[in-house]
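Below is one structure; the comments refer to it alone.
Just so we're on the same page: letters track the sequence lines, and every chain starts at 1. All values below were derived from every heavy atom in this structure, side-chain atoms included, with hydrogens, water molecules and symmetry-related copies excluded.
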Protein chains: 2
Amino acid sequence: MITAGSIERQPATRWMQRLDAWWRAANYLSVGQIYLLDNPLLREPLQPRHVKPRLLGHWGTVPGLTLTYAHLSRMIMRHKLDLMLVTGPGHGAAGLNAAAWLEGTYSECYPEISQDLDGMRRLFRQFSFPGGVPSHASAHLPGSVHEGGELGYSLAHATGAALDNPGLIAACVIGDGEAETGPLATSWHATSFLSPERDGAVLPILHLNGYKIANPTLLARMHRHELNSLLIGHGWRPMEVGGSDPDEVHEAYADALEKCVLGIQEIQAAARRGYGGRDRKWPMIVLRTPKGWTGPHDIDGKQVEGSWRSHQVPFAAVREDAHHLACLEQWMLSYRPEELFEANGAPVPMIRDHRPLGTDRISAKPITLGQVQRDLKLPDPAEHAAAVPAPGVVTAESTRLLGQYLRDAVELNPNNLLLFAPDEHASNRLDAVFEVTGRRWQLAIEPGDDHLSPNGRVLEVLSEHLCQGWLEGYLLTGRHGLLSSYEAFAHVVDSMVAQHAKWLHTAAKIPWRRPIPSLNYLLTSHVWRQDHNGASHQDPGFVDHVLNKRPEVVRVYLPPDANCLLSVADHCLRSHGLVNVIVSGKQPALQYLDADAAAAHCEQGLGVWRWASTDADGDTDVVMACAGDVPTQETLAAVKVLLEFVPDLRIRVVNVVDLARLAPPEQHPHGIGDTAYREIFTDAPAIFAYHGYPWLVHRLTYRRPGHDDMHVHGFHENGTTTTPFDMCVLNELDRYHLALAALERVPRVAGRLGHVRQQLLDRLAVHHDHIRRTGEDLPEIRDWRWTP
Amino acid sequence: MITAGSIERQPATRWMQRLDAWWRAANYLSVGQIYLLDNPLLREPLQPRHVKPRLLGHWGTVPGLTLTYAHLSRMIMRHKLDLMLVTGPGHGAAGLNAAAWLEGTYSECYPEISQDLDGMRRLFRQFSFPGGVPSHASAHLPGSVHEGGELGYSLAHATGAALDNPGLIAACVIGDGEAETGPLATSWHATSFLSPERDGAVLPILHLNGYKIANPTLLARMHRHELNSLLIGHGWRPMEVGGSDPDEVHEAYADALEKCVLGIQEIQAAARRGYGGRDRKWPMIVLRTPKGWTGPHDIDGKQVEGSWRSHQVPFAAVREDAHHLACLEQWMLSYRPEELFEANGAPVPMIRDHRPLGTDRISAKPITLGQVQRDLKLPDPAEHAAAVPAPGVVTAESTRLLGQYLRDAVELNPNNLLLFAPDEHASNRLDAVFEVTGRRWQLAIEPGDDHLSPNGRVLEVLSEHLCQGWLEGYLLTGRHGLLSSYEAFAHVVDSMVAQHAKWLHTAAKIPWRRPIPSLNYLLTSHVWRQDHNGASHQDPGFVDHVLNKRPEVVRVYLPPDANCLLSVADHCLRSHGLVNVIVSGKQPALQYLDADAAAAHCEQGLGVWRWASTDADGDTDVVMACAGDVPTQETLAAVKVLLEFVPDLRIRVVNVVDLARLAPPEQHPHGIGDTAYREIFTDAPAIFAYHGYPWLVHRLTYRRPGHDDMHVHGFHENGTTTTPFDMCVLNELDRYHLALAALERVPRVAGRLGHVRQQLLDRLAVHHDHIRRTGEDLPEIRDWRWTP
């Protein structure tokens with residue numbers, strides 16, 4: 001622990017005076033944002049009318065954030081560092097706004113919030129105020145890539161930012177509350193993945209201010225030696241800085257950061273010279289300062305500073321209670337604003353000068369604004385296409401072909417594209433990428449290990465949270481990536497994707513942010529093919545969750561075969577500002593479209609498959625629609641069943657790749673108009689075989705003409721370890737149920753319906769018996785082809 | 001590390017012979033389950049037709065699970081332990097099925113799977129076979145409370161089981177893959193919560209078999225001293241057992257478990273005598289054995305045992321490849337089945353006797369089957385009711401009243417009811433419970449801490465995963481609880497609730513399982529009142545996710561006021577076998593129903609509010625429906641607006657508490673029939689103000705008569721830090737938009753519509769200006785009352 005006495009005391013030096021003044025200014029401005037509407041520099045006695053009617057914000061974490069900001073800025077200047085800052089306690093946005101304002105960036109981004117008294121008034125007023133900026137760090141905050149609302153992802157984001165940025169230090173403040181979350185607890189494992197040769201460094205600053213909203217925090221209250229043990233076990237070298245005397249803390253913090261920077265540089269230099277071993281410990285800071293430090297010590301006889309009571313607004317009756325009002329005035333004046341700001345409200349030169357130049361400022365880092373992006377070079381999907389001599393006669397593993405495409409993409413983009421998966425890259429048959437790269441791994445590599453490599457382009461860890469958090473950090477700093485996952489377990493990151501979608505939606509409206517590359521998911525090992533794993537692995541609901549977010553930023557694709565998967569993946573990788581979810585199986589499955597037809601079909605997003613249809617314009621008996629690979633196969637098989645019983649049935653097959661096409665354009669930007677919709681779906685009844693929960697299709701189409709005669713089959717949470725066809729039968733998504741549903745809607749079949757139904761049920765019974773007896777589907781199912 | 005040489009070697013003793021035989025038998029039976037259809041004891045030469053056509057299962061983890069089972073059973077016998085087992089690597093269900101069969105329990109639960117040759121054949125055949133049991137531990141497995149599909153929750157489940165079970169040891173095998181997940185990584189913090197006085201002990205057995213599906217695991221590959229450091233930091237005392245020589249491992253494992261049991265007993269005895277301090281380290285095991293141990297060392301020249309290749313089925317071409325077939329036969333015979341099973345297929349006496357008696361068997365523990373339940377004593381909700389002299393004139397904080405009810409409930413159930421929250425109990429205004437109990441906390445307690453207590457009945461940790469996992473473990477062992485959370489962050493546990501719902505659905509069909517108490521959520525600090533926190537805290541989609549699960553096991557309640565909340569909460573706490581989600585605000589809000597009226601309304605689940613309606617039977621112009629507290633308030637205010645413009649408008653107000661009532665009975669057991677639905681909703685157009693995403697209401701009602709004229713207003717992902725009313729306006733859920741929507745549907749208003757619309761838009765503009773200017777809603781909004 002580096003505190004008073006542990007290193008030689010020196011009188012406050014000039015750098016320390018300057019830094020401390022900057023810190024006081026930032027704290028002053030933070031309090032002002034939380035409390036004041038007007039009278040920003042308290043040049044007249046504080047009146048209730050100067051105070052906001054609704055006091056919203058989080059003070060407790062602010063002083064630690066501003067302190068860290070001040071010290072990191074100093075280190076940037078001293079060492080010409082390329083450093084960005086991720087702040088886990090992003091609900092302390094007041095402190096970060098203040099810092100950006102002091103650095104001048106805030107006024108550059110928001111010219112009306114100028115570096116003067118008027119600008120300061122506006123800075124205060126807009127904070128957590130209708131029409132202004134939120135109380136949490138959001139896309140509005142220059143220099144931030146991290147939404148500060150939901151806790152747990154700061155260290156993963158910083159890690160993602162450091163990947164492939166060899167010159168970067170991604171400093172990361174981690175709140176001790178946040179540190180209790182699962183995602184953060186496993187984020188410490190970053191040391192096993194970050195390459196000192198190819199990546200930048202992550203500098204965690206674990207801020208122990210001791211309290212959450214109401215409770216002490218585990219990491220602050222455990223024994224100091226236990227905390228150290230925990231961090232050392234994860235591969236870090238913690239240096240503790242603590243205290244409540246500003247000068248002492250300044251000195252200790254500066255000293256520790258100096259050691260961190262040197263430590264990082266040593267590790268990287270050794271590795272980049274080709275040696276260094278695996279026993280490195282990355283330096284980090286444990287910062288122990290009081291919650292709400294420099295705020296009022298107590299109010300109404302109750303401790304505030306150093307207590308959970310300073311978490312949000314330390315005292316709130318400021319408009320009604322003269323004592324509270326006086327406390328606020330006294331608190332703000334304790335920062336000695338007259339030393340900090342000039343007559344016109346601008347920071348005094350000493351403070352203005354405490355900032356790195358131009359884009360070295362933490363609040364102006366171009367990589368945090370999407371401004372540093374290398375174009376992605378992508379192979380031609382057609383080069384990797386499956387040969388499809390005719391629809392529905394050959395099989396392929398769709399994801400295996402995608403793996404070959406990704407292999408070439410990884411080769412074309414040696415420092416710009418990463419692939420993430422929770423230990424499932426090979427299981428999901430993307431293993432062709434291992435022909436050109438390995439799995440990122442910094443620990444020992446032993447005989448028998450499969451394609452481990454310290455600089456590999458594939459990151460695998462059994463944590464969807466880490467995969468997602470790393471990828472988000474990588475994308476937010478302008479690079480490209482793909483996360484593949486078992487479909488069901490994408491739910492593990494539901495809350496993370498929701499936050500990311502909110503970020504994208506907000507960021508799109510901010511002119512000084514460039515759109516970042518899209519967040520791309522490949523959901524495979526999907527609900528219909530959990531032959532091994534059964535019910536726990538059967539959940540297609542991630543797309544429902546994603547489609548609850550703003551339509552401007554979410555897309556869902558269900559390619560029916562490999563060539564469509566290639567086309568869709570290529571499209572998604574080229575896109576910006578979106579969350580793209582692709583759902584595709586990995587098992588051998590029938591192929592329908594050649595490369596050209598697939599590209600055209602995916603471009604359209606949905607369309608009539610004429611080759612599978614028997615209708616002509618205006619005479620359609622029934623529409624057999626489908627979305628997803630298994631539903632497409634069962635739909636086509638149902639067509640054959642239908643024609644067997646009613647050879648002259650006029651069937652139209654519609655396949656949907658881009659799910660949002662089903663929605664009206666006013667509901668989703670990919671939606672098609674009612675006229676186009678009707679041209680495809682006609683007025684005939686429609687049987688829709690959908691990959692997931694059927695109500696999603698109803699939701700997208702319920703205002704469509706003819707919706708009352710749309711009958712959706714999908715997943716009804718019936719499942720276990722069983723055969724692929726049995727899974728379909730359990731959920732009535734199989735060819736026989738689909739055919740039966742269709743026949744029930746065609747009036748001219750009514751006379752024969754009972755007979756046909758009985759025959760179809762008989763066939764189902766034969767299947768059922770066979771499956772229960774042999775454990776396998778009938779050969780006629782397994783080997784079914786569209787054209788024999 | 002306790003291995004060969006580190007303790008004195010002894011010749012294999014009788015206990016070791018017996019235990020080893022049991023282990024070999026369990027492994028033999030596991031391989032049989034994965035591979036064989038017939039010829040279970042290999043009494044004729046193995047033929048392809050004896051082998052399953054589809055080989056499904058996970059071998060790699062099995063030998064570690066069976067080894068642990070054998071040793072724990074021995075410890076139960078030696079020390080008469082009350083011990084249950086949670087197995088994180090539950091995908092190794094073959095091993096657990098085998099153990100339960102050897103213990104006799106399997107045959108007790110499934111009489112056709114008898115302890116003889118025929119039963120063994122059935123045991124093999126049914127495994128991962130259509131109509132049989134899944135390949136993952138599920139509710140089908142006697143003695144298990146843990147669904148083994150999705151990884152990460154084993155240690156939290158074991159912790160939950162140990163709470164309030166002072167005599168119990170909850171042993172918990174944690175896979176080294178699972179250990180990489182976030183939820184597991186933070187689960188080690190259990191030491192800061194488990195009371196050695198009031199709770200049982202958790203005995204983690206971290207099984208390092210080195211590999212996941214394809215990669216080495218972090219915890220197995222990191223330096224041994226780092227792993228120890230990590231675990232010690234979390235408050236554990238790891239004892240390592242490892243090796244690949246069975247006798248050596250048996251000896252070391254037995255020795256280490258002996259030390260663990262003694263260590264646990266010492267800690268508990270000291271604490272229960274009133275001393276012991278806080279510096280305790282709970283013992284645990286680190287078990288390091290080869291993946292796929294005792295399986296084939298290599299196949300086709302590639303290493304299998306001790307490698308990731310043994311993760312699932314080590315070799316699969318058994319029907320086609322004579323060499324593979326021979327390998328399988330040789331592998332199975334290597335366990336010397338002739339020593340293990342009698343002529344009739346029953347285990348030999350030495351093996352049959354290696355089991356604890358009756359309900360002490362791991363597979364027969366009554367608490368794992370819902371068979372140990374103490375009735376919950378609940379206060380009368382009416383005692384805590386808000387006084388409601390007339391509808392809509394007084395305000396109350398609904399959750400504050402619930403807190404008083406929960407306080408009494410906690411007092412009435414001193415060892416049977418726990419409350420869980422991620423640091424938000426007081427913030428969510430349930431703090432009355434702290435009048436009778438504290439927050440569970442084993443670390444130091446300092447001045448200023450708020451109601452910490454080593455045996456408190458409230459568990460708070462900033463991890464929704466831990467809250468959920470602990471509560472699940474507590475419920476699965478027959479006790480009761482409630483998890484309160486900020487609404488948006490319930491998404492953090494989306495995947496966990498999905499798995500729990502699947503478990504409940506499966507368990508309900510298993511006759512020897514008693515229904516366990518329901519999983520109850522209180523989602524508060526909801527989307528409409530994130531004045532402090534803004535967009536990141538605005539997400540009402542958890543109910544959408546929950547309602548995607550089997551309708552038999554999910555319920556969603558949106559009480560409009562405090563008395564309805566009390567009634568609903570009381571109902572949920574009394575229920576079994578369900579996931580209940582209650583959504584209710586914590587802010588001061590209008591109260592509508594007195595205790596009796598609330599109970600009647602909640603019982604009905606939805607109904608006409610006559611006191612707010614102006615229609616009579618058959619003359620309804622428009623139905624104003626609502627679900628949720630804020631939508632209810634805005635709907636009632638909209639009624640007043642409507643009557644102001646069209647005084648003779650015949651309005652019917654419908655309030656929905658139990659959301660599933662909207663669905664037809666064939667879609668949800670709480671659904672009402674179309675006749676009852678029509679009686680409530682009439683044929684008039686309906687404007688439905690719904691708390692969450694509007695399409696959920698459409699989903700529930702889209703097959704209802706009149707659905708085409710149902711217009712749902714809800715959350716459209718428009719939000720930020722702003723006033724409560726502005727949030728409604730941003731999403732068109734406010735009184736003016738609702739009134740306008742209603743008027744647009746009433747033909748007789750058509751002539752005046754333009755005029756009225758302009759007036760309403762003018763009022764919205766006035767509000768908008770006021771909010772942007774003052775930061776507050778207009779007093780007429782803030783102080784609005786139904787009857788002035």
Counting only non-hydrogen atoms closer than 4.5 Å, does A:F542 touch chain B with its backbone (N, CA, C, O), its side chain (CB onward), both, or neither?
neither
When rounded to the nearest 0.5 Å, the distance separating CG of A:L547 from OH of B:Y693 is 11.0 Å
Presence of salt bridge, A:K52 and B:E776, under 4.0 angstrom:
no
Between A:H698 and B:H698, is the ring centroid distance below 6.0 Å?
no
Select, from B:V313, B:N718, B:L466, the one with the greatest count of heavy-atom pairs under 4.5 Å involving chain A.
B:N718
For the residue pair A:H58 and B:H532, does the interplanar ring angle fall in the parallel (under 30°), tilted (30 to 60°) or perpendicular (over 60°) class?
perpendicular
Taking C-beta and beyond as the side chain, do A:H136 and B:T721 meet within less than 4.5 Å on heavy atoms?
no
Taking B:D423 for its side chain and A:N215 for its backbone only, find out whether a donor-acceptor pair lies under 3.5 Å.
yes
Specify which of A:G775, A:P134, A:S463 makes the most heavy-atom pairs with chain B at under 4.5 Å.
A:G775
In terms of heavy-atom pairs under 4.5 Å, which option from A:S495, A:G210, A:G57 contacts chain B the most?
A:S495
Let me know if A:S138 has heavy atoms under 4.5 Å from chain B in its side chain, its backbone, both or neither.
neither
Chain B heavy atoms under 4.5 Å from A:S307: which part of the residue, side chain, backbone, both or neither?
neither
Residue pair A:H234 / B:E226, side-chain heavy-atom distance below 4.5 Å
no
Measure the spacing between CG of B:L218 and CG of A:L462 and express it to the nearest 0.5 Å.
9.5 Å
Max heavy-atom pairs within cutoff under 4.5 Å with chain A, candidates B:P53, B:P183, B:G534, goes to B:P53
Highest number of heavy-atom pairs under 4.5 Å with chain B among A:V493, A:D708, A:T720 belongs to A:D708
What are the two closest non-hydrogen atoms of B:P130 and A:T723, and how far apart are they?
CG-CG2, 3.8 Å
When only pairs under 4.5 Å are counted, which of B:P216, B:A498, B:A185, B:A535 shares the most heavy-atom pairs with chain A?
B:P216
Which atoms of A:S128 are under 4.5 Å from chain B, going by heavy atoms: the side chain, the backbone, both sets, or neither?
both
Which region of A:L219, side chain (C-beta onward) or backbone (N, CA, C, O), has a non-hydrogen atom less than 4.5 Å from a non-hydrogen atom of chain B, or is it both or neither?
side chain
Working to the nearest 0.5 angstrom, can you tell me the gap between A:H225 NE2 and B:S229 OG?
11.5 Å
So, B:E717 and A:K549, do they make that salt bridge, N to O below 4.0 Å?
yes
Within-4.5 Å side-chain heavy-atom neighbours: A:H537 and B:E150
no
Among A:E446, A:H716, A:H505, which residue has the highest count of heavy-atom pairs closer than 4.5 Å to chain B?
A:E446
Less than 4.5 Å apart, side chain to side chain, heavy atoms only: is that true for B:Y702 and A:H707?
yes
Chain B heavy atoms under 4.5 Å from A:L452: which part of the residue, side chain, backbone, both or neither?
side chain
Where does A:F129 contact chain B at under 4.5 Å (heavy atoms): side chain, backbone, both or neither?
both
For B:W695 and A:N548: C-alpha separation, side-chain torsions, deciding distance, then whether side chain to side chain contact (heavy atoms under 4.5 Å, CB included) applies.
CA-CA 9 Å; B:W695 33 90; A:N548 273 351; 2.5 Å; yes
Among B:Q442, B:R439, B:Q303, which has the most heavy-atom pairs under 4.5 Å with chain A?
B:R439
For A:T217, which atoms come within 4.5 Å of any heavy atom of chain B: side chain, backbone, both, or neither?
backbone
Assert top hit (heavy-atom pairs under 4.5 Å, partner chain B, pool A:H451, A:M496, A:R125, A:R550) equals A:R550
If I measure from the heavy atoms of chain A, does B:L231 come under 4.5 Å with its side chain, its backbone, both, or neither?
neither
When heavy-atom pairs shorter than 4.5 Å are enumerated against chain B, which of A:D726, A:D494, A:V133, A:I445 gives the highest number?
A:D494
Please flag which part of A:Q499 lies under 4.5 Å from any non-hydrogen atom of chain B: side chain, backbone, both or neither.
side chain
Can you classify the ring geometry of A:H465 versus B:H465 as parallel (below 30°), tilted (30 to 60°) or perpendicular (above 60°)?
perpendicular
Whatever's closer than 4.5 Å to a heavy atom in chain B on A:D544 counts as side chain
Just by distance, with hydrogens left out, do A:D279 and B:H223 show a side-chain donor and acceptor under 3.5 Å apart?
yes
Out of B:K302, B:E424, B:Q538, B:H91, return the one with the most heavy atom pairs under 4.5 angstrom to chain A.
B:Q538
Within a strict 4.5 Å, meaning less than it, do heavy atoms of the A:H545 and B:H491 side chains meet?
yes
Using modelled atom types and a 3.5 Å cut-off, is there a donor and acceptor pairing between side-chain atoms of A:R54 and backbone atoms of B:T722?
yes
Can you find a heavy atom in the side chain of A:L151 that is under 4.5 Å from one in the side chain of B:F489?
no
When the 4.5 angstrom heavy-atom criterion is applied to A:A214 and chain B, the contacting part is both
What part of A:L696 is in contact with chain B, defined as an atom under 4.5 angstrom from a non-hydrogen atom: side chain, backbone, both or neither?
neither
Please classify the contact between A:F193 and chain B as side chain, backbone, both or neither, with a heavy-atom cut-off of under 4.5 Å.
side chain
Considering only heavy atoms, which portion of A:W503 lies under 4.5 Å from any heavy atom of chain B: side chain, backbone, both, or neither?
neither
Highest number of heavy-atom pairs under 4.5 Å with chain A among B:R699, B:H189, B:H311, B:M222 belongs to B:R699
Salt bridge or not for A:R221 and B:D449, using N-O below 4.0 Å?
yes
Flag the pair A:E460 and B:K212 as a salt bridge only when some basic side-chain nitrogen lies within less than 4.0 angstrom of an acidic carboxylate oxygen.
no
Taking atom NZ of A:K502 and atom CG of B:D539, what is their separation to the nearest 0.5 Å?
5.5 Å
Rounded to the nearest 0.5 Å, how far apart are CD1 of A:I232 and CG of B:N228?
13.0 Å
